[in-house]
S.K.: 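Here you go, one structure.
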Amino acid sequence: MAAHERLTAAIRAANSKGQPALVPFLTAGYPEPDEFVDTLRAIAAVGDVVEVGIPFSDPMADGMTIQRSSFEALRKGVSLAWIFDELEKAGDLATPLVMMSYLNPLLAFGYDRLAERALATGVCGFIVPDLPFEESSELRAALEAKGLGLIQLVTPATPAARLRMLSDASRGFVYAVTITGITGGGSGLPDDLADYLDSVSASTELPVCAGFGIREAKDVANVGAHAAGAIVGSALVEVLERGDDPAAYLESLRS
Amino acid sequence: MAAHERLTAAIRAANSKGQPALVPFLTAGYPEPDEFVDTLRAIAAVGDVVEVGIPFSDPMADGMTIQRSSFEALRKGVSLAWIFDELEKAGDLATPLVMMSYLNPLLAFGYDRLAERALATGVCGFIVPDLPFEESSELRAALEAKGLGLIQLVTPATPAARLRMLSDASRGFVYAVTITGITGGGSGLPDDLADYLDSVSASTELPVCAGFGIREAKDVANVGAHAAGAIVGSALVEVLERGDDPAAYLESLRS
Amino acid sequence: MTFALPAAEAQALLDATLRGELPDDRGRFGPFGGRYVPETLVPAFERLEQGVREHLHDAGFQAEFQRELREWVGRPTALTHAPRLSEHWGTEVWLKREDLAHTGAHKINNAIGQALLAKRLGARRVIAETGAGQHGVASAAACARVGLPCAVYMGAVDIERQAPNVDRMKRLGADVIAVETGDKTLRAAIDEALREWVTDPAGIYYLLGSAVGAHPYPYLVRELQSVIGEEARQQMIDQAGGLPDAVFACVGGGSNAIGLFYPLLGDDIELIGVEAGGTGDGLGQNAATLATGTPGVLQGAYTMILQDADGQVQETHSISAGLDYSGVGPEHALLQATGRVTYVSANDADSLAALEELCATEGVLTALETAHAYAYAREWSSRNPGKRILIGNSGRGDKDMPTLTRYPVRSGSHGGA
Amino acid sequence: MTFALPAAEAQALLDATLRGELPDDRGRFGPFGGRYVPETLVPAFERLEQGVREHLHDAGFQAEFQRELREWVGRPTALTHAPRLSEHWGTEVWLKREDLAHTGAHKINNAIGQALLAKRLGARRVIAETGAGQHGVASAAACARVGLPCAVYMGAVDIERQAPNVDRMKRLGADVIAVETGDKTLRAAIDEALREWVTDPAGIYYLLGSAVGAHPYPYLVRELQSVIGEEARQQMIDQAGGLPDAVFACVGGGSNAIGLFYPLLGDDIELIGVEAGGTGDGLGQNAATLATGTPGVLQGAYTMILQDADGQVQETHSISAGLDYSGVGPEHALLQATGRVTYVSANDADSLAALEELCATEGVLTALETAHAYAYAREWSSRNPGKRILIGNSGRGDKDMPTLTRYPVRSGSHGGA
Ligand SMILES: Cc1ncc(COP(=O)(O)O)c(C=O)c1O
Ligand SMILES: Cc1ncc(COP(=O)(O)O)c(C=O)c1O
């Protein structure tokens, strides 16, 4: 099984239990680098797939919460190399991981080395928010060579033809942005969410995970009715910011 | 005897006693309007001719001291009409007066009325610092009709031909500005003062009074060696400003 | 009060003006003008007059002056059609953009011209006065350009309200001398500059900033500023397809107004000078010299001034430092007395509103002085729909930010309005 | 570090540039450029690219754009010979006077062009970022001119050091939004503007201020700014009697430089871009992206950037807000890699000294950004006596007074020197 297929399988497994897959997002090394592995484990114990955010100096697609966590982690010395080292130390978590990173840290790291280390540390795919499909062939090639997935994002504004193209190109799952905004906007999902998610789902064989603006159990339920999974980002980072228990928060989203 | 001849006579009288004429300057109504007549009397008792300054809002040819006294007098309501009224009340002072005024208050007052009231109050001539000879025909005509003098100023920079013209036009005396500056500069008369005053004196039958920068007895003596009279302006206003006795100060200049 | 001449005399004087015969040999514009200066300054003025006669229309001087205007000042300045303002006002509005001239106002035309003259006359240093600071900045820049040291006299009150310009003058190498006497604005600064000039009339060149004062300044400044009207006249023909029906300019000392009006005097155009109406009609509440003053002598010229019955010059009030002056150029007094130009006023509040409207509709932040012309042009437009008008946009408003920030932008008037 | 291409590839790319074939269909200038933007913005960028293709070279658009440049911006801007500076430096110095353009810098050429485009594309409002505030002011003015509301994102650090421009933007009707995230300067402001754009990609037009970012911005901005070089080329021929030996421009994002250089690429002229050398050579001490950076992706383009070994973008330092940026336009990266243009840096202190020298010798108060070009041109002149040079005087220094007043004018350098 290619690594990206582990993502698909984990999501399907959750669905087969009658529930949407839960995909929590964690800024690596936030709030404290030496708690990274423990926090990751706790989250991975509840989540079906875990998204690990690589901090970047210029997080243009993120809202205030994730920006803050990103700058904080950078200030404390977190880097991509360090993250791989930590993941290596942590050993296999059973829960498959995806890395979410802006392109430049990946470029600086080198694509081939990236794919190698990812494969060795349970990272099954990548989400690169500033890399549209048109610019992605090099990275895609490097990842596919190791069976890793480059997960494509689609949005409510994506035209039908482009949606098909992106769905086809995606691996592991398709990331459906629920609002045309940045991460961390207020709760409240758009009215026509159902139609949108249904049309994304219809465009692909892969499971569709919906992200942006998911904060409460009812958001997960709403999304779950029309998508295979729910991605929880800013809301979880806020929990960590407050020093609350991330696992308990994630459990609450399932109820 | 025309009024302006009284000026000439008073200066000659002082000279005939072997001393330069002393021509003190007083800003009318300074420091207190209701002391004007008393101050004027005290000064007139020592001076041979008294120069009465008409306060003006825009005393461009004056230094800080006289400017200050001028603004202060204006603030306290002093006007040309009021000055004439006060002079009238004072009655004849024996010492002939000249008025020093910028043109605009005289214009506003009206030249004919001006000449009339001057004649009635012992004012024998006018010094108008912003009225060069070329612009002076109207005022001169109005004054001459009453025998009043328009005293011309000459300066060290005045060319010879112009000096002759101004001396010819002057009445009462010729006002020789000793420095090419504004009133109230520091003491210290120019080195070539003697030559300058000699040449002014040679240009006219009238007595020559030197002004600007005369503060001490030695200045009066210096000037007196080459001119018929010494005009004391800013230095006297400073005495009034300090509340000192103007008559005593003027006496000190004679010693 | 408006001082008017008998019709026949007015016509004769106007004809003489059109023939270029005024000022006359004595520096007179009909009854106005002349040279009322202390004897200590007479040689300096004679030397200046002589220099003006010798150089101003000399081909060599003109070539140098025109090259500086073109290459350094950035002339010709643009003529801008204002479509959105036109829509608001119901007239066809054009702006002559002196704000685009180097240092941000028409003042530079005069400053560089006189600086070149100072150089030719062998001056060792230049002094200048300033109100809004625009003439100070222009003088500082022009003196640097020709390589002469420069000192600028500025009233303490103006130093405060035009702080950005003070810094610019210093940066351009001028000494800025705070004037604490008199009314601490432009009038006091002129007096101080004159006092300084007396100390070295041969070595100092006094670079006066408006069409005021004793002869030959009103003439000299008019000649140097007429480039505004000459350009605008041709540009209106080229760009608008014809001359305007009415032309508006703000009037402080009157230099931008005379520069714009003079080349248009012979045309069938309504010319309107707009003074500072301040906060009201009372003496001391405004600087509307022509609209409310009387004839008198101030700072070297017989002209219209704001004075009381005793001939004491009155302090003025205007929100704009550059209009805050009790006198006005003598040629304007003549143009008013002959009826050729109409002088009106706009008050502080209407001028602020006009400034804001121009920002919102055309993206041009004009000087507070200039805003007065807009305020009146707007009112005039409401009475004259469909006419074509030209406004002398004498300067930019950057210098006014310290004043403007005290007045919040009125919401709703901006963007897409 | 300088990134260089193999000679044959460099020559081929340079030839393609000269034939006007770059950027290519994917928005690439050789290896540089492209479009690295979130999927949420892809439709917005496609719409923009489509709009640029449709309108930019359309005769109707060009006529409107050229008219605005002429009538409202005040183009052509002057070309000034600088005789006294030439004497100091030993070269023949000419200045292209973008400081005389409306609002005081070259930024307005781009702003009015894009504002006209926004209008054609049916945008309901405009957003912009700004560093020095010049682009913010230009955007505010341009939006008022075309009648669109405008919001300007500006780093909190820049808001402080360019206070005069903040007030001007507000007065021109723009909302100024303080950016407190990231480095609180230009880079953070761009990110915030992009975040805002995502919320309404169809209704908002993002008016980017330099030749940076994702395709088509570097192309669009170059096309709109090339008027600088086109005019300057002709003016040099007309006024100086021939092309310069070397041309200098400061480089922040690179818009004034590309505008000046692009029309001169085919001539035998040494082209030199001058970046901010800040206080030293260390990472974080300067903003000399091309001189010291490495290739990477920042804010939408593959270009030279200042980054550490982990690909984290570094904060920069420059005394001038407008150069304080960790990236640079991708076309400059190509021009460097091909060797056609040389990129160097000038430090804070030398730039301040150059600003002062220009004030003292020519009476031109230039922007701190621009001063960097003078600082290097001065040094270059000492090694190349007798040459003829052209400096892109990209803007005026009025906006820099808050910074400049912290550095007293050095005595002795002014007036008659
Ligand atoms: C922009 C501007 N307009 C007008 C004026 C008024 O002067 P004048 O009446 O001489 O044009 C000034 C004076 O500083 C000014 O700065
Ligand atoms: C006057 C001036 N010059 C240069 C720049 C740098 O920008 P660019 O490199 O895009 O020309 C700026 C930026 O604000 C500026 O204001």
Side-chain angles (χ1 to χ4, degrees), chain A residues 54-64 67-68 70-71 73-75 77-83 101-110 127-138 152-159 162-163 166 175-185 212, chain D residues 25-28 33-47 49 179-184 187-204 213-215 294-303 305-315 326-327:
Chain A
I54 313 307
F56 183 48
S57 52
D58 210 71
M60 70 162 144
D62 286 297
M64 286 300 293
Q67 283 183 56
R68 263 199 312 273
S70 194
F71 292 136
L74 279 182
R75 208 176 55 75
V78 171
S79 70
L80 185 50
W82 176 88
I83 294 167
S101 174
Y102 289 85
L103 185 61
N104 206 52
L106 308 184
L107 257 181
F109 197 79
I127 299 170
V128 186
D130 61 344
L131 187 69
F133 176 76
E134 289 76 4
E135 303 285 2
S136 67
S137 55
E138 280 180 69
Q152 300 294 317
L153 291 87
V154 303
T155 84
T158 306
R162 183 171 179 87
L163 174 59
L166 296 177
Y175 189 139
V177 176
T178 50
I179 48 171
T180 50
I182 50 177
T183 61
F212 282 51
Chain D
D25 289 347
R26 291 179 53 219
R28 293 269 169 184
R35 182 187 295 156
Y36 298 85
V37 300
E39 184 61 28
T40 40
L41 279 176
V42 167
F45 272 90
E46 286 186 342
R47 194 173 314 114
E49 185 180 357
V179 176
E180 298 283 358
T181 56
D183 63 358
K184 302 184 189 179
R187 181 157 54 96
I190 294 177
D191 282 340
E192 272 311 305
L194 286 169
R195 290 185 190 110
E196 169 78 14
W197 196 10
V198 167
T199 65
D200 181 12
I204 292 175
H215 183 65
T294 47
V297 167
L298 174 64
Q299 295 184 323
Y302 182 71
T303 185
I305 65 178
L306 288 170
Q307 57 184 332
D308 66 13
D310 291 330
Q312 302 297 343
V313 181
Q314 292 304 291
E315 297 196 5
S326 327

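Here is the naming used below: chain letters follow the sequence lines, and residue numbers restart at 1 for every chain. Source: prediction; values computed, not measured.
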S.K.: Between S79(A), A81(A), S70(A), P129(A), which has the largest tally of heavy atom pairs under 4.5 Å with chain D?
M.R.: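 The residue among S79(A), A81(A), S70(A), P129(A) with the greatest pair count is P129(A).
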
S.K.: Other residues, nucleotides and ligands only: do more than 12 of their heavy atoms fall within 6.0 Å of CD on E138(A)?
M.R.: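 Not buried by this count: 12 neighbours or fewer within 6.0 Å.
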
S.K.: So for L41(D), is it side chain, backbone, both, or neither that comes closer than 4.5 Å to the heavy atoms of chain A?
M.R.: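 For L41(D), no heavy atom lies under 4.5 Å from chain A.
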
S.K.: Between atom CD of Q67(A) and atom OG1 of T181(D), what is the distance when rounded to the nearest 0.5 Å?
M.R.: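 Rounded to the nearest 0.5 Å, the CD-OG1 separation comes out at 4.5 Å.
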
S.K.: For the residue pair N104(A) and G311(D), what are the closest heavy atoms and their distance?
M.R.: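 Taking N104(A) first and G311(D) second, the nearest heavy atoms are ND2-O, 2.8 Å.
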
S.K.: Compare all side-chain heavy atoms of H215(D) with those of E134(A) and state whether any distance is below 4.5 angstrom.
M.R.: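 Result no, sub-4.5 Å side-chain heavy-atom pair not found.
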
S.K.: Which residue is it: L131(A), T158(A), V177(A), D130(A)? I am looking for the one with a side-chain contact (heavy atoms from CB on, under 4.5 Å) to E39(D).
M.R.: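 Only one option passes, and that is T158(A).
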
S.K.: Among Q312(D), E315(D), Q314(D), Q307(D), find the residue that satisfies the side-chain contact (heavy atoms from CB on, under 4.5 Å) test when tested with S57(A).
M.R.: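 With S57(A) as partner, side-chain contact (heavy atoms from CB on, under 4.5 Å) holds for just one option, Q312(D).
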
S.K.: Less than 4.5 Å to any heavy atom of chain A: does that hold for the side chain of L298(D), its backbone, both, or neither?
M.R.: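 The answer is the side chain of L298(D).
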
S.K.: Let me confirm one number: the CG-CG distance from D58(A) to D191(D), rounded to the nearest 0.5 Å.
M.R.: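 Here the rounded value is 4.0 Å.
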
S.K.: Please look at L107(A) and chain D and tell me whether the side chain, the backbone, both or neither of the residue comes under 4.5 angstrom of a heavy atom of that chain.
M.R.: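 Just its side chain gets close to chain D.
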
S.K.: Looking at CZ of R187(D) and CE of M60(A), how far apart are the two atoms once the value is rounded to the nearest 0.5 Å?
M.R.: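 Between atom CZ of R187(D) and atom CE of M60(A) there are 11.5 Å.
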
S.K.: Report which part of L106(A) has an atom under 4.5 Å of a heavy atom belonging to chain D: side chain, backbone, both, or neither.
M.R.: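 For L106(A), no heavy atom lies under 4.5 Å from chain D.
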
S.K.: Quick one: what part of P132(A) sits under 4.5 Å from any heavy atom of chain D, side chain, backbone, both or neither?
M.R.: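 It is both, since atoms from each part get that close.
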
S.K.: Please classify the contact between F56(A) and chain D as side chain, backbone, both or neither, with a heavy-atom cut-off of under 4.5 Å.
M.R.: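 Contact with chain D is through both the backbone and side chain of F56(A).
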
S.K.: Between P38(D) and chain A, with a heavy-atom cut-off of 4.5 Å, which part of the residue counts as in contact: side chain, backbone, both or neither?
M.R.: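 Contact with chain A involves both backbone and side-chain atoms of P38(D).
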
S.K.: Would you check if V42(D) and R162(A) make a side-chain contact, meaning some heavy-atom pair closer than 4.5 Å?
M.R.: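 Side-chain contact under 4.5 Å: yes.
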
S.K.: Heavy-atom distances under 4.5 Å only: say whether V128(A) touches chain D with side chain, backbone, both or neither.
M.R.: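 Answer is neither: V128(A) stays 4.5 Å or more from chain D.
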
S.K.: Under 4.5 Å from any heavy atom of chain A, what part of A309(D) do you find: side chain, backbone, both or neither?
M.R.: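 Answer is backbone: N, CA, C or O of A309(D) sit under 4.5 Å from chain A.
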
